[in-house]
S.K.: 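Dropping a structure here in structure tokens format, bear with me for questions.
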Amino acid sequence: MEIKRYPNNGCCERLHLDVCVDERTPRDGILKLLKELRPEWKPEDIQIKASPVLLVRVYGQMTELFMDRDKEMEMFQVLHKHGCGPELYCSFTNGICYEFVRGVVLDDILLRQPSVYRLIAREMGKIHSIKSGETGNSSPVLWSRLSQFLDLVQRSGAPEQQKSSTHVEAPCLKIIIKEMEELKSHLTHINSPVVLCHNDLLTKNVIYNQEEGTVKFIDYEYADFNYQAYDIGNHFNEFAGISNVDSSLYPSCELQFDWLTAYLESFKWFNGVDSTVTKKEVQELYVQVCKFSLVAHLFWCLWALLQAKHSTIDFDFQR
């Protein structure tokens with residue numbers, strides 16, 4: 001087995017194992033990984049689904065088309081360094097091994113509880129305060145990634161109709177391009193700070209530890225520098241759900257103002273300034289978030305068209 005160690009821009013070096021884990025029958029590949037990571041473990045004692053120590057994630061088919069895996073590894077290490085994420089143990093040919101985060105995956109009910117959503121707001125404020133000097137480029141990734149997705153959709157053609165349980169016509173690319181250009185023209189004139197963002201904060205990417213009173217964000221496939229208001233607006237969109245979308249569940253103005261107040265207090269505190277928050281500051285951020293939530297819809301629209309074409313996951317992406 002080939003073992004490589006990569007330096008990572010001042011962070012601790014990253015271990016890479018030349019192992020490919022079969023997503024349908026992963027046990028053999030996982031045992032090869034554990035032979036290197038935990039050589040003292042006996043294979044017969046290992047339970048793949050109930051490991052209390054580490055997680056193995058296998059990448060989806062063709063995701064290398066629109067995922068920057070090196071950037072994902074970099075985000076893992078930066079966030080762990082700041083106490084915001086689990087330790088990355090190693091990468092392998094088609095996935096990663098990382099530390100198990102104790103707690104429960106957030107659900108739609110927990111998401112709306114003030115004691116929980118304030119924790120999420122504070123954790124996002126902490127992550128958004130991490131400086132760009134540790135990761136190099138700090139330009140917003142939004143427009144380049146949208147252009148990349150659009151180019152891939154154009155080159156891949158229309159998604160196969162049989163992959164959708166209902167007949168759903170996606171908007172033509174001419175309309176999508178027009179809307180993207182209109183949004184870019186407007187949003188680039190909004191003074192939203194560029195910060196380190198998660199960019200995919202749906203409920204399943206938040207782990208809540210009730211005993212410790214903490215939340216941790218997981219899955220950094222899309223993490224990168226981006227507009228502050230985009231990360232928040234994208235999270236607010238997730239209140240409406242995924243499998244059964246209900247737009248009436250989008251957070252109320254009252255919830256948003258409470259969330260944004262907790263966020264700004266955290267963001268200011270971690271940036272070393274007075275954490276007092278004014279109503280004007282909350283109102284300004286609220287308007288920015290409302291506007292950037294629109295482009296988040298467009299982002300995941302293009303993502304879904306790509307997934308409908310390439311993914312092997314049993315999910316109706318086109319719908």
Side-chain angles (χ1 to χ4, degrees), residues 9 11 63 65-79 81-82 84-85 120-121 123-154 176-202 205 217 219-238 256 259-260 263-264 266-268 270-271 273 281 284-306:
N9 297 329
C11 291
T63 54
L65 284 174
F66 45 92
M67 300 286 190
D68 185 342
R69 297 302 181 189
D70 288 335
K71 173 61 70 173
E72 181 186 8
M73 301 302 103
E74 182 185 351
M75 291 296 103
F76 250 103
Q77 293 177 312
V78 168
L79 291 168
K81 177 182 176 181
H82 287 269
C84 297
I120 296 170
E123 184 70 7
M124 187 181 284
K126 180 180 179 180
I127 290 173
H128 283 186
S129 71
I130 296 173
K131 305 306 179 188
S132 61
E134 298 184 37
T135 61
N137 183 34
S138 60
S139 301
V141 73
L142 177 60
W143 306 116
S144 61
R145 198 168 280 173
L146 272 171
S147 296
Q148 177 195 14
F149 281 15
L150 184 60
D151 179 60
L152 288 169
V153 169
Q154 289 175 310
I176 293 175
I177 293 169
K178 180 175 180 290
E179 292 199 1
M180 188 173 86
E181 289 175 346
E182 287 176 351
L183 281 168
K184 184 176 182 180
S185 176
H186 182 74
L187 295 176
T188 50
H189 292 95
I190 295 175
N191 190 29
S192 180
V194 176
V195 296
L196 182 59
C197 294
H198 184 281
N199 290 320
D200 187 21
L201 203 59
L202 69 161
N205 284 341
F217 304 161
D219 289 0
Y220 313 124
E221 292 178 309
Y222 301 94
D224 206 335
F225 278 84
N226 211 349
Y227 298 103
Q228 176 191 61
Y230 175 88
D231 210 18
I232 301 171
N234 181 71
H235 176 62
F236 283 173
N237 285 346
E238 300 293 353
Q256 289 184 64
W259 197 105
L260 293 172
Y263 165 83
L264 284 170
S266 171
F267 184 66
K268 285 185 164 190
F270 281 106
N271 276 288
V273 299
E281 288 173 320
E284 288 176 351
L285 182 55
Y286 165 77
V287 172
Q288 293 178 351
V289 167
C290 287
K291 293 182 176 183
F292 272 93
S293 70
L294 301 176
V295 75
H297 284 301
L298 191 62
F299 181 94
W300 296 114
C301 163
L302 291 171
W303 174 88
L305 291 176
L306 283 173

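The structure presented is a predicted model; accordingly, all values stated were derived computationally and were not measured.
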S.K.: Using only atom types and a distance under 3.5 Å, with no angle test, would you say the side chain of His235 pairs donor to acceptor with the backbone of Leu201?
M.R.: yes
S.K.: Mind checking the CG-CG spacing from Leu302 to Leu298? Nearest 0.5 Å is all I need.
M.R.: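 So the gap between those two atoms works out to 5.0 Å.
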S.K.: State, to 0.1 Å, how close Phe299 and Leu146 come at their nearest heavy-atom pair, and which atoms those are.
M.R.: CA-CD2, 3.6 Å
S.K.: For Ser138 versus Val194, what's the shortest heavy-atom pair and its separation?
M.R.: O-CG1, 3.0 Å
S.K.: Please work out whether the ring planes of Tyr263 and Trp259 are parallel, tilted or perpendicular, with thresholds of 30° and 60°.
M.R.: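 If you compare the ring of Tyr263 with that of Trp259, the planes turn out parallel.
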S.K.: If you define the side chain from C-beta out and look only at heavy atoms, does anything of His128 sit under 4.5 Å from Cys197?
M.R.: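 Answer yes - side chains close enough.
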S.K.: Looking at side-chain heavy atoms only, is the closest gap between Glu281 and Lys268 below 4.5 Å?
M.R.: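 They are in contact (side-chain heavy atoms under 4.5 Å apart), so the answer is yes.
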S.K.: Strictly below 4.0 Å, N to O, side chains only: are Arg69 and Glu221 in salt-bridge contact?
M.R.: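 Result for this pair is yes, salt bridge flagged.
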S.K.: Does the side chain of Leu196 reach to within under 4.5 Å of the side chain of Leu79, using non-hydrogen atoms?
M.R.: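 Yes. Closest side-chain heavy atoms under 4.5 Å.
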S.K.: Rounded at 0.5 Å granularity, tell me how far CG in Leu260 sits from CG in Leu285.
M.R.: 4.5 Å
S.K.: What are the two closest non-hydrogen atoms of Trp143 and Met180, and how far apart are they?
M.R.: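 Smallest heavy-atom distance, with atoms named: CZ3-O, 4.4 Å.
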S.K.: Apply side chain to side chain contact (heavy atoms under 4.5 Å, CB included) to the pair Leu305 and Ile176, showing each step before the final yes or no.
M.R.: CA-CA 12 Å; Leu305 291 176; Ile176 293 175; 4.2 Å; yes
S.K.: When you compare the side chain of Val141 with that of Tyr222, does any pair of heavy atoms fall below 4.5 Å?
M.R.: no
S.K.: Any side-chain heavy atom of Arg145 sitting closer than 4.5 Å to one from Asn226?
M.R.: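 Of all side-chain heavy-atom pairs linking Asn226 with Arg145, none is under 4.5 Å.
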S.K.: According to ring pair (Phe, Tyr, Trp, His ring centres under 6.0 Å), who are the partners of Phe292, at least two apart in sequence or on a separate chain?
M.R.: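 For Phe292, the residues satisfying ring pair (Phe, Tyr, Trp, His ring centres under 6.0 Å) (neighbours in sequence not counted) are Tyr227.
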S.K.: Among all residues two or more places apart in sequence or in another chain, which pass the salt bridge (Lys or Arg N to Asp or Glu O under 4.0 Å) test with Glu179?
M.R.: none
S.K.: Determine the minimum heavy-atom distance between Tyr220 and Phe217, stating which atoms define it.
M.R.: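 Reported closest heavy-atom pair: OH-O, 2.6 Å.
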S.K.: Are any of the side-chain heavy atoms of Lys131 and Asn271 separated by less than 4.5 Å?
M.R.: yes
S.K.: Does Lys71 come within less than 4.0 Å of Glu74, counting only side-chain N to carboxylate O?
M.R.: yes
S.K.: If you look at every heavy atom in Asn191 and Gln288, which pair is closest and at what distance?
M.R.: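 Result for this residue pair: O-NE2, 3.5 Å.
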S.K.: How far apart are the closest heavy atoms of Gly233 and Ser293, and which atoms are they?
M.R.: O-CB, 3.8 Å
S.K.: Measure from the side-chain N and O atoms of Asp231 to the backbone N and O of Asn199, and report whether any donor-acceptor pair falls under 3.5 Å.
M.R.: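 Between the backbone of Asn199 and the side chain of Asp231 there is a qualifying donor-acceptor contact (under 3.5 Å).
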S.K.: Please step through side chain to side chain contact (heavy atoms under 4.5 Å, CB included) for the pair Gln256 and Ile232, ending with a clear verdict.
M.R.: CA-CA 10 Å; Gln256 289 184 64; Ile232 301 171; over 6 Å; no
S.K.: State whether the side chain of His186 and the backbone N or O of Glu182 hold a donor-acceptor pair below 3.5 Å, judged by distance alone.
M.R.: no
S.K.: Answer whether the closest heavy-atom distance between the side chains of Leu183 and His297 falls below 4.5 Å.
M.R.: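 No, too far: nothing below the 4.5 Å cut-off.
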S.K.: Between Ile130 and Phe225, is the side chain to side chain contact (heavy atoms under 4.5 Å, CB included) condition met? List the steps.
M.R.: CA-CA 10 Å; Ile130 296 173; Phe225 278 84; 5.8 Å; no
S.K.: Between Ile177 and Gln154, does the side chain to side chain contact (heavy atoms under 4.5 Å, CB included) criterion hold? Intermediate values first, please.
M.R.: CA-CA 11 Å; Ile177 293 169; Gln154 289 175 310; 3.7 Å; yes
S.K.: Between Phe270 and Ile127, is any pair of side-chain heavy atoms under 4.5 Å apart?
M.R.: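 No, their side chains stay 4.5 Å or more apart.
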